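Read the structure below first, then the notes.
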Number of protein chains: 2
Amino acid sequence: MKDFTSPISVKRIAEPTVRRLSLYLRFLEDFEKAGRATISSGELAHVGHTTSAQVRKDLSFFGSFGKRGLGYDTGALTAQIRRILGLDRTWKVVIVGAGKIGSALAQHRGFRERGFDVVGIFDVDPHRVGYMLDGVSISDVKGLEAIVRRLEAEIAVLAVPPEVAQGIATRLSKAGVHAILDFSTEPLKVPADVTVRSMNLAMEMEILSFALANR
Amino acid sequence: MKDFTSPISVKRIAEPTVRRLSLYLRFLEDFEKAGRATISSGELAHVGHTTSAQVRKDLSFFGSFGKRGLGYDTGALTAQIRRILGLDRTWKVVIVGAGKIGSALAQHRGFRERGFDVVGIFDVDPHRVGYMLDGVSISDVKGLEAIVRRLEAEIAVLAVPPEVAQGIATRLSKAGVHAILDFSTEPLKVPADVTVRSMNLAMEMEILSFALANR
DNA sequence: CCTAGATTGTGAAGGATTTCACAAGCCCCA
DNA sequence: TGGGGCTTGTGAAATCCTTCACAATCTAGG
Ligand SMILES: NC(=O)c1ccc[n+]([C@@H]2O[C@H](COP(=O)([O-])OP(=O)(O)OC[C@H]3O[C@@H](n4cnc5c(N)ncnc54)[C@H](O)[C@@H]3O)[C@@H](O)[C@H]2O)c1
Ligand SMILES: NC(=O)c1ccc[n+]([C@@H]2O[C@H](COP(=O)([O-])OP(=O)(O)OC[C@H]3O[C@@H](n4cnc5c(N)ncnc54)[C@H](O)[C@@H]3O)[C@@H](O)[C@H]2O)c1
């Protein structure tokens, strides 16, 4: 699991900072649509449940994008954050596991809209292989490595049963995928140059349970 | 959004601690199944990608559960963590939005298995209302407040389009729900005694994008 | 019953992140 | 052209979280 280190000059960026940048971006897009030409750190902080100092500190890791006395140019800051997050391009994504979650994701419009192109879907079940999901046909997982390499997919979404997740993660890593979004519950072991993020439903539910039980 | 504060004696528990407890619990269950009677902080740390000191510190917030020289009794520690997380009971859950994500969740076995009972499902679409999902029929969202109150549902999962999420969250809060798991992208504004957790797919994908762009 | 070996529980130290607070800079208007 | 009002960018302080390090204490074995 890769750390948030960077190659040149930029030191180490904390994960919470990246999370917040992603939020700021969403708000900036709203503000842009609403026709606002500039926005202050205070306004961004307000909608993002944080403080203006936090917003400015977050941005300061990457440069000086604002104008004192005025705030930030909405369009310019949007573009900067998109660039910082690597969203000034599209990414090729494969989905492994075309079950309930996998097919929901494959049909999710917001995915492509935000620059994540689903170029491949895989399953082991012969009843599913060959069918189309939102324009992409489901391939047999046997061909995973070959197809991933040919398509040059960079990100994989894992929506397979937990007991096979580790095996698929290893195969994906070997096939050149460097980023995995995992929906299963067990933490994956991957090479150091592969980043894994987990969408762990059980954990989130348990955090809610804890909050309810201890209020 | 409620903070991780607690009523009597127990101070404030950091969110990362609760996350890790949830992980430890999963590992403990595996160890129990494998027939291990005791387990050391070092072993738990190993599988959880952390340190033994971290494991002991996490547990120490809640009591002394181990035996020096020996480690922890697997079964007893499992029970303790379940109690701490509020998993020594079942919780009543409603799902709002029976679309792609909502119905995948409703049919998800692991939900009930871990003590989260789906007692109600809601949608606004008349084509969906009345159908059954895994033994629960889909109700019209018009009746949300009445049904939530009658069932005494405590947790809600929000799988509706982002533009209606805030409205539903407010209605749920008023109907007595104190915990919400939100799948939409925009942060929700809720009363202070309601805890919200977000499963934000877009944000996770963007964190992966950042990692790829900056390696 | 005593010693060797292992592991916990926890203050204190260290590190990371957030918040504070203010000088510097920009715009507008008189 | 100069002053007032506002907002940024950023060191320093404060807070939060993790790691260290070791005394306390348990088991097992002779
Ligand atoms: N459904 C949910 O609401 C939900 C919620 C949270 C987490 N999850 C997790 O997401 C994962 C998928 O859940 P789901 O509900 O979609 O399950 P599912 O059974 O509907 O889908 C799993 C799919 O993976 C395929 N598969 C199995 N082995 C495979 C392999 N080796 N290679 C490729 N494909 C393979 C199966 O054929 C199936 O289509 C599970 O790990 C589950 O725990 C699901
Ligand atoms: N599908 C995905 O893979 C995915 C992934 C991440 C996030 N999300 C988010 O999850 C949410 C749901 O996504 P989806 O793909 O399931 O969408 P969907 O359109 O399939 O489902 C939404 C459902 O909500 C219902 N609905 C609309 N207004 C409602 C209301 N006022 N009350 C009750 N129900 C109402 C609709 O009838 C529909 O059945 C969205 O916010 C989406 O952005 C979806």
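Please read these numbers as outputs of a predicted model, since none were measured by experiment.
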| Do A:V164 and A:V124 touch side chain to side chain, with heavy atoms closer than 4.5 Å? | no
So, with a heavy-atom separation below 4.0 Å from DNA chain C, the residues of residues 72-82 of chain A are none
Nucleotide N/O to protein N/O under 3.5 Å, stretch nucleotides 26-30 of chain D:
from, atom 1, to, atom 2, distance (Å)
D:dC26, O4', B:R68, O, 3.2

Exercise. So, B:K33 and B:E29, do they make that salt bridge, N to O below 4.0 Å?
Worked result: no
Find out whether A:V96 and A:V157 are in side-chain contact, i.e. whether some heavy atom of one side chain is under 4.5 Å from a heavy atom of the other. no
Q) Going by atom types only, do B:Q54 and B:D58 share a side-chain donor-acceptor pair under 3.5 Å? A) yes
Are any of the side-chain heavy atoms of B:L87 and B:F116 separated by less than 4.5 Å? yes
So, A:R56 versus A:S52: side-chain donor-acceptor pair below 3.5 Å or not? yes
Look at all strands and tell whether A:S41 reaches a base, only sugar-phosphate, or nothing, counting heavy atoms closer than 4.0 Å.
-> sugar-phosphate
Assess whether salt bridge (Lys or Arg N to Asp or Glu O under 4.0 Å) is satisfied between A:E145 and A:R150, documenting all intermediate values. CA-CA 9 Å; A:E145 288 86 345; A:R150 177 162 52 73; over 6 Å; no
Chain B reaches DNA chain C, atoms under 4.0 Å from its heavy atoms, from C:dA6 to C:dA12
Decide yes or no for B:Y24 and B:L85: does some side-chain heavy atom of the first lie under 4.5 Å from some side-chain heavy atom of the second?
-> no
- With the side chain counted from C-beta on, respond yes when A:F62 and A:L21 share a heavy-atom pair under 4.5 Å apart, and no when they do not. yes
Close N or O pairs between protein and nucleotides 16-20 of chain D (under 3.5 Å):
from, atom 1, to, atom 2, distance (Å)
D:dT18, OP1, B:R20, NH1, 3.0
D:dT18, OP2, B:R20, NH2, 2.9
D:dT18, O5', B:Q54, OE1, 3.4

The correct set of residues in residues 23-38 of chain B placing a heavy atom under 4.0 Å from DNA chain D is none
| query | Does the side chain of A:L23 reach to within under 4.5 Å of the side chain of A:R19, using non-hydrogen atoms? | reply | no
Would you check if A:E204 and A:L208 make a side-chain contact, meaning some heavy-atom pair closer than 4.5 Å?
no
Contacts satisfying side chain to side chain donor-acceptor pair (under 3.5 Å) that involve residues 63-76 of chain B (not counting sequence neighbours) are none
Contact between A:V177 and A:V194 at the side-chain level, heavy atoms closer than 4.5 Å - yes or no?
no
Test log, rule side-chain contact (heavy atoms from CB on, under 4.5 Å), inputs A:L212 and B:T195: CA-CA 8 Å; A:L212 287 177; B:T195 306; 5.9 Å; no
- Heavy-atom neighbours of B:E163 CD exceed 12 at 6.0 Å: yes
